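Computed from a prediction, not measured in an experiment: that's the story for all the values here. Labels below follow one simple rule: chain letters A, B, ... track the order of the sequence lines, proteins then strands, and each chain is numbered from 1.
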Amino acid sequence: MTTHPDPVREAPEAFPAQPHPAAASSAAAARHAAAPQATDWTDGVDTVPRADGTPEELQPYAELGLADDEYDRIRHILGRRPTQSELAMYSIMWSEHCSYKSSKVHLRQFTEKAPPSDRLLAGIGENAGVVQVSDELAVTFKVESHNHPSFVEPYQGAATGVGGIVRDILAMGARPVAVMDPLRFGAADHPDTARVLPGVVAGVGGYGNCLGLPNIGGEVVFDPCYQGNPLVNALCLGVLPVSRLQNKAAVGPGNVVVLMGAKTGRDGIGGVSVLASATFDEGSEQRRPSVQVGDPFIEKLLIEACLELYDAQLIAGIQDLGGAGLTCALTETAAAAGTGMRVWLERVPLREPSMQPHEILASESQERMLLIVEPAKLEAVLKTCEKWGVLATAIGEVTAPEPEGQPGRLLITWRDHVVVDVPPGSLVDDGPVYARPMREPADLILLQADRAETLPRPSDPDTLRETVLRMIASPNLADKTWVTEQYDRYVLGNTVLAQPEDSGVIRIDERTGLGVALSVDGNGRYARLDPYHGAKLALAEAYRNVAVTGAAPIAVTNCLNFGSPEDPGVMWQFAEAVRGLADGCAELGIPVTGGNVSFYNQTGAAAIHPTPVVGVLGLLANVADRVASGFVPRPGGEHEQLF
Amino acid sequence: MPRVVVDVMLKPEILDPQGQAVANALPRLGVNDVASVRIGRRIEIDFTGEPDLDRAREIADKLLANPVIEDFTVRLVEADEPADARS
Amino acid sequence: MPRVVVDVMLKPEILDPQGQAVANALPRLGVNDVASVRIGRRIEIDFTGEPDLDRAREIADKLLANPVIEDFTVRLVEADEPADARS
Amino acid sequence: MTARVGVVTFPGSLDDGDAARAVRIAGAEPVRLWHGDPQLHGVDAVVLPGGFSYGDYLRCGAIARFAPVMEKIIDAAAGGLPVLGICNGFQILCEAHLLPGALTRNQHLHFRNRDQILRIEATGTAWTNTFQSGQEVLIPVKNGEGCYVADTATLDALEAEGRVVARYVGGNPNGSQRDIAAITNPAGNVVGIMPHPEHAVEALTGPSLDGLGFFTSVLKHLVGTPA
Ligand SMILES: Nc1ncnc2c1ncn2[C@@H]1O[C@H](COP(=O)(O)OP(=O)(O)O)[C@@H](O)[C@H]1O
């Protein structure tokens, strides 16, 4: 039962209208252009002593997306210029994606307005929110975006999107048990949609299938506003015994830092490659792919191995490696504990031996986890990993905090050269925070004035018929079986409801019948007309979808897909949507437990519709009591009564 | 009539899970002297008339390979290789 | 160091839906002179020492190809073909 | 003594838990077998479940055939041990030459998951003896490489010897030749099936209870077989 990347691009009947975003055949010629030798980059490496001695060296911080004052802040924090590796790390951690610098001031409302809840075991700020559902059991769920990568390479972009959210869930101590995929594409008849959609669907299905996760719902929406910016959001649900909850804090000086999973390659190094090209050889940058390729089989092994490690209580801390790779995992685990960390970077198993320290730190290679392990348990950990055929390597150790209660420092060497020496909290918690300018979009009044009531109504049987036919034929209302048939909804044997139901329902305890219902919804058109109410409506829709199965809604996750935060109009939409969602949650009495912000979904000046996607989780004491949306004919031909 | 063969391989720096999986399985077959395995696609195109390399290159670029992650080569081979060239 | 290339193709009598799909798409690309497209696998094997063709043939026979549906060929190529051999 | 039915777990097995559940619901004791452990632990029958055994990027089941546990299963099958291969398990049985033919990419090139009607045609096997010949059952199918192919002589022999165990009815989900969904070896103890009977054993989670028959069949078979 494989669905692997199609040897041929899916839907060969259509061709991209635009060329692929990356260079075409020139890259082929570059393949055999002399590859730089691994030999003595040690000499060229930018070390802390070197940074001390060359304060005036120009650094490509702007190309890395850092503003002048951000760069100055880094110099101030370090008391010197950053090394290349440090600059790479700050540029990653202070990016919009990692630091939430534009959204932070708004997202606070989710916590401030949240109704009190005694179910919440982990909330916003953790890898995923964790909600207790019985004395013994908790569930964790979260939705995340992988929009741009899925436009560039639909299959791998979508696949690694699923892989990423699954690792978030795994890192909380949970077994992943289901996925959902809210998707948005450009016009259904646009040739580029025929490139993107089949690849995305195959990627979501392929990766999820390989992990054995049932797909229990999602959305497929077409609108020309998503033409160059399709939205690929992925949700994962996990279940854990309450006692198995994991923490990312790198506690316990002397504990070992273990990197587990795939080897590190030049995946998704993207922007950080300017460090190499600016300093070493021009043009080497085109060798660096910005696309990650997933290996779901390794992820499956990671899941099984991690669960075995949790159950044997062999882990002191764990963090998945997501978009920001080792940089994020090392700094977040250390910062969460207030400890320091000492890492020998040359111990990281590499796919390409010629990788430089900053590339190793920035790599987005998939299917990796970082473990914090007590020395006495290291052997058992490595043995479990070996049993599952997963690579695991001790790459460092946790070090003590500084005297007087100051947090420790992250010290990274590469072949005995100190390449990083930073306070980890400065990357994680002290990033920039912006209250960006906001302004209601100038065209909003006109849009709102153009009311549906002014549209011509069908007034005779012929026009009525024509309208009905047009609606039925509309891709947004059409049957989604072409998509959902490509997903496995049966695996694990606990799927009680899935497509085409309003919510997915999963049994999480075979003994008691305890289960959860999940729905994800969003409506960019409503949100474009009124982001505040649009977000509330998305919440209300998901809430209703969960409620009609008979489940009691208890928690919310969300993925906020917007254009550029530097556009005051977009920023206003964002602020309004967040305010609406926070107010809606307060009114319904259920908390937001986590989520994800995706900005910069725009091409030139044209942003997508503001698209808050909201997931609601509900609880069913016994899934046998669920209410399905169809009428089930009774044996004997009797039918249900309609009231 | 010669045929056109297009070989499509993942770029060297891109992860090749297929090749990896095969390489990992080899020791089980008693094979321990293989350093690496990479797996790509071989596409054989027969033209109705003269084989057209430029045409084939265009097909490869637009349809057979994704240049973001793959490289390809296009070449001519004799269509009817003798059977004993098959192992 | 030369490398071993194993080409695995479906036997001619086995239907190749992927090749078919590509062939069917070509007219829309304006290509009307292609008679057939077949898609198979190209496997590049690097040995740690001297490339071993017999060994490669054994691997192909046991693992890389399924003799029920596939044929394979094994050959040596120079690992570092000059860049201009690439399209 | 309840029968002990082994369920093999490869690193990439996915439906192993479901197969074990089905065995339990049918009234037998599931025994988990590990791919790297060359022991059958005295089981009375074996299920090779769905999934991706070793990732299966190359060809489904190609690598699993060489697993230590498989060597034991291949030997035991020759001696009459009932073996049921579901989906990936079917692929492995073909790769291991316990069953003829091969499973190839679905002709429409997509993974497909749907509730599928099958017609049971051979009821003499260890895994289908509780069905009636010609009985139609509803069982989920879900695969990307489920298209059964074999040469004409093999197909003809399968038909002539009554070894086509089940056929797709009301639409062929993957392009399998002669609508073949399941086949058996000449002795009838080894059965490969593409659809998933283990997903049709509970009213709550499956489209029917029809899948249970495969698991109760093997129990009936074992009762009739002196140990
Ligand atoms: N991308 C997708 N992935 C999984 N399920 C999907 C996807 N898109 C739609 N579905 C499912 O298909 C069914 C029908 O979808 P839709 O027509 O959008 O229903 P509704 O209008 O009731 O939300 C729902 O169960 C939904 O969860």
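When the side-chain contact (heavy atoms from CB on, under 4.5 Å) test is applied to B:D54, the partners found at least two apart in sequence or on another chain are B:D52, B:R57. Residues satisfying the side-chain hydrogen bond (donor to acceptor under 3.5 Å, both in side chains) criterion with C:E70, sequence neighbours excluded, are C:R41.
For the pair C:L63/B:L29, a side-chain contact is recorded, criterion being any heavy-atom separation below 4.5 Å from C-beta on.
Once rounded to the nearest 0.5 Å, the distance linking CZ of B:R42 with CD1 of C:I43 reads 11.0 Å. With values rounded to the nearest 0.5 angstrom, C:K62 atom NZ is found 13.0 Å from B:R28 atom CZ.
Heavy-atom pairs under 4.5 Å with chain C were tallied for B:Q18, B:E58, B:R55; the largest tally goes to B:R55. Heavy-atom pairs under 4.5 Å with chain B were tallied for C:S36, C:G30, C:A60; the largest tally goes to C:S36. Of the listed residues C:N32, C:V37, C:D46, the one with more heavy-atom pairs under 4.5 angstrom with chain B than any other is C:D46. For the options C:I45, C:V4, C:V8, heavy-atom pairs under 4.5 Å to chain B are most numerous at C:I45.
The main-chain N or O of B:D33 is found under 3.5 Å from a side-chain atom of C:T48 such that the two form a donor-acceptor pair.
Neither the backbone nor the side chain of C:L53 comes within less than 4.5 Å of any heavy atom in chain B.
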